[in-house]
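Below is one structure, written out as structure tokens; the observations come after it.
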Amino acid sequence: MTFDSLTFVVFFVAVVAMFNLPGLSWSARKNVLLGASFLFYGAWNPPFLLLLIGSASVDWWLALRMATARADRRKPWLIVSLVANLGLLGFFKYGDFLRDNTQTLLALAGIDWQPAAFDILLPVGISFYTFQSLSYCIDVYRGEVRAQTSLRDYLLFVGFFPQLVAGPIVRYHDFSAQLHTPRRTTADGFTLGLSLLLIGLFEKIVLADSVFAPVADPVFKAGAMIDTATAWSGTLAFAGQIFCDFAGYSTCAIGCAAMLGFWLPDNFRAPYAATGFSDFWRRWHLSLSTWLRDYLYIPLGGNRGSTLFTLRNLMLTMLLGGLWHGAAWTFVAWGAFHGLMLAIERLSKPAIEATSRLL
């Protein structure tokens, strides 16, 4: 069930109508949203829903254990959460990738290993809701948020259907107040949300799928023979396609949430207007870039050490950020390229600032 399908339109109209029935308590309206979220996600594949519920329930329980433990005894519970979340993500998203590369390495060593085919089906949105749930457990461990005692409310935070499949990645401290304060559809929220939904659908259906994809897809087709002009046109078209596809979905998610009285964080801020790679990551997929900053780059040490130490942290963060996007060496190379450009930009910053002062 995607935003650009008639099925979703019918589904969403029904959800808005039920959510705003007269006389419903806030608890009942949250039950409507949770049921709708389960239906939305289960429509992709029912076993995926069981995985989502199981994963989120484990994190909810672990966070409660952390909240009641002394500060010096919280770490084991956090480690269990890290192992459970990253293990689950690793198995479903990277299982085939690790198997195939292990087979290749053994073949280079002269060992003929023929592993059984896993045929692992990747659960929709697992990268997003895993990071969302994991950040909650880390925040509880750090004492930055209070543990949610209601399993229903926590499942609604993780599984809120507008942003469940492809973000934005929502932090618990941004969503918790919205769980406690009664919400309903308002005229202003509905008007703004509908406008954002229409803009997002225009980006996705018209620009990404109808304008850019027909130009980009033939260029990136395996074995395609192309000239320089065609290569450039395909590259530029793909840049437009990936932005309009991803930003369009995020805009749709923010719009749908607004029509229900919820507010999700902005995810894109004119990234192609960036003046450098650092500026680009302050504009592109903000919910991911800030997640990587707060839960990976800073815990690694950030820029608190030597220059070499900082560059190492940048490179590791971008390598893992690239791998988060997909289980392929091309994504690793993409992350390495961005890490390298960020490192060069940081090293050249003093010279650039000195030059600008002279000018």
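The figures that follow rest on heavy atoms only: side chains count, while hydrogens, waters and symmetry mates do not.
- A search for side-chain hydrogen bond (donor to acceptor under 3.5 Å, both in side chains) contacts involving D227 returns T230, not counting sequence neighbours.
- The number of heavy atoms from other shown groups lying within 6.0 Å of CH2 (W232) does not exceed 12.
- Judged purely by atom type and a 3.5 angstrom limit, Y272 uses its side chain to pair as donor or acceptor with the backbone of A239.
- Proximity of L155 to L34: side-chain heavy atoms (C-beta onward) are separated by under 4.5 Å at one or more points.
- The distance from atom OH of Y249 to atom CD1 of I254, rounded to the nearest 0.5 Å, is 12.0 Å.
- In this structure, T290 OG1 and H285 NE2 are separated by 9.5 Å, a value rounded to the nearest 0.5 Å.
- Y94 places a side-chain N or O within 3.5 Å of a backbone atom of L323 that can act as its donor or acceptor partner.
- Without hydrogens or angle criteria, T185 side chain to M259 main chain gives a donor-acceptor distance under 3.5 Å.
- Between W291 and Y295, the distance from one ring center to the other falls under 6.0 angstrom.
- Minimum interatomic distance between S133 and D59 (heavy atoms only, all atoms of both residues): OG-OD2, 2.6 Å.
- Every residue two or more places apart in sequence or in another chain that forms a side-chain hydrogen bond (donor to acceptor under 3.5 Å, both in side chains) with W334 is listed here: H338.
- Residues F262 and R183 meet the side-chain proximity criterion, which asks for heavy atoms closer than 4.5 Å.
- Proximity of D245 to D209: side-chain heavy atoms (C-beta onward) are separated by under 4.5 Å at one or more points.
- Dense packing is recorded around CZ of R142, with more than 12 heavy atoms of other residues, nucleotides or ligands lying under 6.0 Å away.
- Under the ring-ring contact (aromatic ring centres under 6.0 Å, His included) criterion, F19 pairs with no residue at all, not counting sequence neighbours.
- The shortest distance between side-chain heavy atoms of F131 and N85 does not fall below 4.5 Å.
- Of the possible donor and acceptor atoms, one in the side chain of R74 sits under 3.5 Å from a partner among the backbone N and O of M66.
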Report the C-alpha separation of C252 and L201 in whole Å, then their side-chain angles, then the decisive distance to 0.1 Å, and conclude whether the side chain to side chain contact (heavy atoms under 4.5 Å, CB included) test is met.
CA-CA 7 Å; C252 287; L201 289 175; 3.9 Å; yes
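- Both L78 and L62 are part of a single hydrophobic cluster, where members link through side-chain heavy atoms under 4.5 Å apart.
- Classification of the W77-W61 ring pair by plane angle, with boundaries at 30° and 60°, yields perpendicular.
- For Q178, there are no side-chain hydrogen bond (donor to acceptor under 3.5 Å, both in side chains) partners at least two apart in sequence or on another chain.
- Members clustered with V83: I79, by chain and number, using a 4.5 Å side-chain heavy-atom cutoff among hydrophobic residues.
- Salt-bridge annotation for D139 and R171: absent, with no side-chain N of the basic residue lying under 4.0 Å from a carboxylate O of the acidic one.
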In residues 156-167, what donor-acceptor pairs under 3.5 Å come from side-chain atoms, sequence neighbours left out?
| from | atom 1 | to | atom 2 | distance (Å) |
| --- | --- | --- | --- | --- |
| Q163 | NE2 | Q132 | OE1 | 3.1 |
| Q163 | NE2 | P168 | O | 3.4 |

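- The pair D279-R283 counts as a salt bridge, with a side-chain nitrogen and a carboxylate oxygen less than 4.0 angstrom apart.
- At a threshold of 4.5 Å between non-hydrogen side-chain atoms, the residues I53 and F38 count as touching.
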Which donor-acceptor pairs under 3.5 Å do side chains of residues 4-12 form with protein atoms, sequence neighbours excluded?
| from | atom 1 | to | atom 2 | distance (Å) |
| --- | --- | --- | --- | --- |
| D4 | OD1 | T2 | OG1 | 2.6 |
| S5 | OG | T2 | O | 2.7 |
| S5 | OG | F8 | N | 3.2 |

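- A donor-acceptor contact shorter than 3.5 Å links the side chain of W60 to the backbone of Q148.
- Annotation for S81 and L134: closest pair OG-CD1, 3.8 Å, computed over non-hydrogen atoms.
- Two residues are said to be in side-chain contact when any heavy atoms from C-beta on lie closer than 4.5 Å; L311 and L347 meet this criterion.
- Pairs engaging residues 6-30 under the salt bridge (charged side-chain N to carboxylate O under 4.0 Å, His left out) rule: K30-D153 [sequence neighbours left out].
- Separation of atoms OG1 (T251) and CG (D266) is listed at 7.5 Å; rounding is to 0.5 Å.
- Crowding of R184 atom CZ: a count of heavy atoms from other residues, nucleotides or ligands under 6.0 Å exceeding 12.
- I298 approaches D294 most closely through the heavy-atom pair CD1-OD1, 4.0 Å.
- No donor-acceptor pair under 3.5 Å is formed between the side chain of R282 and the backbone N or O of A274.
- Of the possible donor and acceptor atoms, none in the side chain of S55 sits under 3.5 Å from a partner among the backbone N and O of L52.
- For the atom pair CZ of R304 and OG1 of T310, the computed distance is 9.5 Å after rounding to the nearest 0.5 Å.
- Other residues sharing the hydrophobic cluster of F212, ordered by chain and number and joined by side-chain separations under 4.5 Å: F202, V206, L207, V211.
- Looking at heavy atoms from C-beta onward, V332 lies in side-chain contact with W329 at the 4.5 angstrom threshold.
- Taken together through direct or relayed side-chain contacts under 4.5 Å among Ile, Leu, Val, Met, Phe, Trp and Tyr, F246 and F331 form parts of separate hydrophobic clusters.
- Note on F220: it clusters hydrophobically with F337, by side-chain heavy-atom contacts below 4.5 Å among ILVMFWY residues.
- Residues that satisfy the side-chain hydrogen bond (donor to acceptor under 3.5 Å, both in side chains) test with R152, not counting sequence neighbours, are S27, N31.
- Of all the heavy atoms in V215 and P218, the pair that sits closest is O-CD, 3.6 Å.
- The distance from the CZ atom of R346 to the CD1 atom of I344 is 13.5 Å, given to the nearest 0.5 Å.
- Nearest heavy atoms, S210 versus P214: O-CG, 3.3 Å.
- The shortest heavy-atom contact between S287 and I169 is OG-N, 3.0 Å.
- Using a 4.5 Å heavy-atom threshold, the side chains of W284 and S289 count as separate.
- Here the NZ-OG distance, from K204 to S250, works out to 12.0 Å after rounding to the nearest 0.5 Å.
- Without hydrogens or angle criteria, W324 side chain to L292 main chain gives no donor-acceptor distance under 3.5 Å.
- Applying the side chain to side chain contact (heavy atoms under 4.5 Å, CB included) criterion to A258, with sequence neighbours excluded, gives W263.
- Both L151 and V140 belong to a single network of hydrophobic side chains, linked directly or stepwise wherever heavy atoms of I, L, V, M, F, W or Y lie under 4.5 Å apart.
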Test log, rule side chain to side chain donor-acceptor pair (under 3.5 Å), inputs N313 and N303
CA-CA 8 Å; N313 296 338; N303 56 2; over 6 Å; no
In residues 123-130, what donor-acceptor pairs under 3.5 Å come from side-chain atoms, sequence neighbours left out?
| from | atom 1 | to | atom 2 | distance (Å) |
| --- | --- | --- | --- | --- |
| S127 | OG | K93 | NZ | 2.6 |
| T130 | OG1 | I126 | O | 2.6 |

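- L236 and F238 sit in two unconnected hydrophobic clusters of ILVMFWY residues. Membership requires side-chain heavy atoms under 4.5 Å apart, directly or through other members.
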Side chain to side chain donor-acceptor pair (under 3.5 Å) between S57 and Y154: does it pass, once the steps are laid out?
CA-CA 8 Å; S57 298; Y154 184 70; over 6 Å; no
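- Counting heavy-atom neighbours within 6.0 Å of M315 CE, excluding the residue itself, gives a total above 12.
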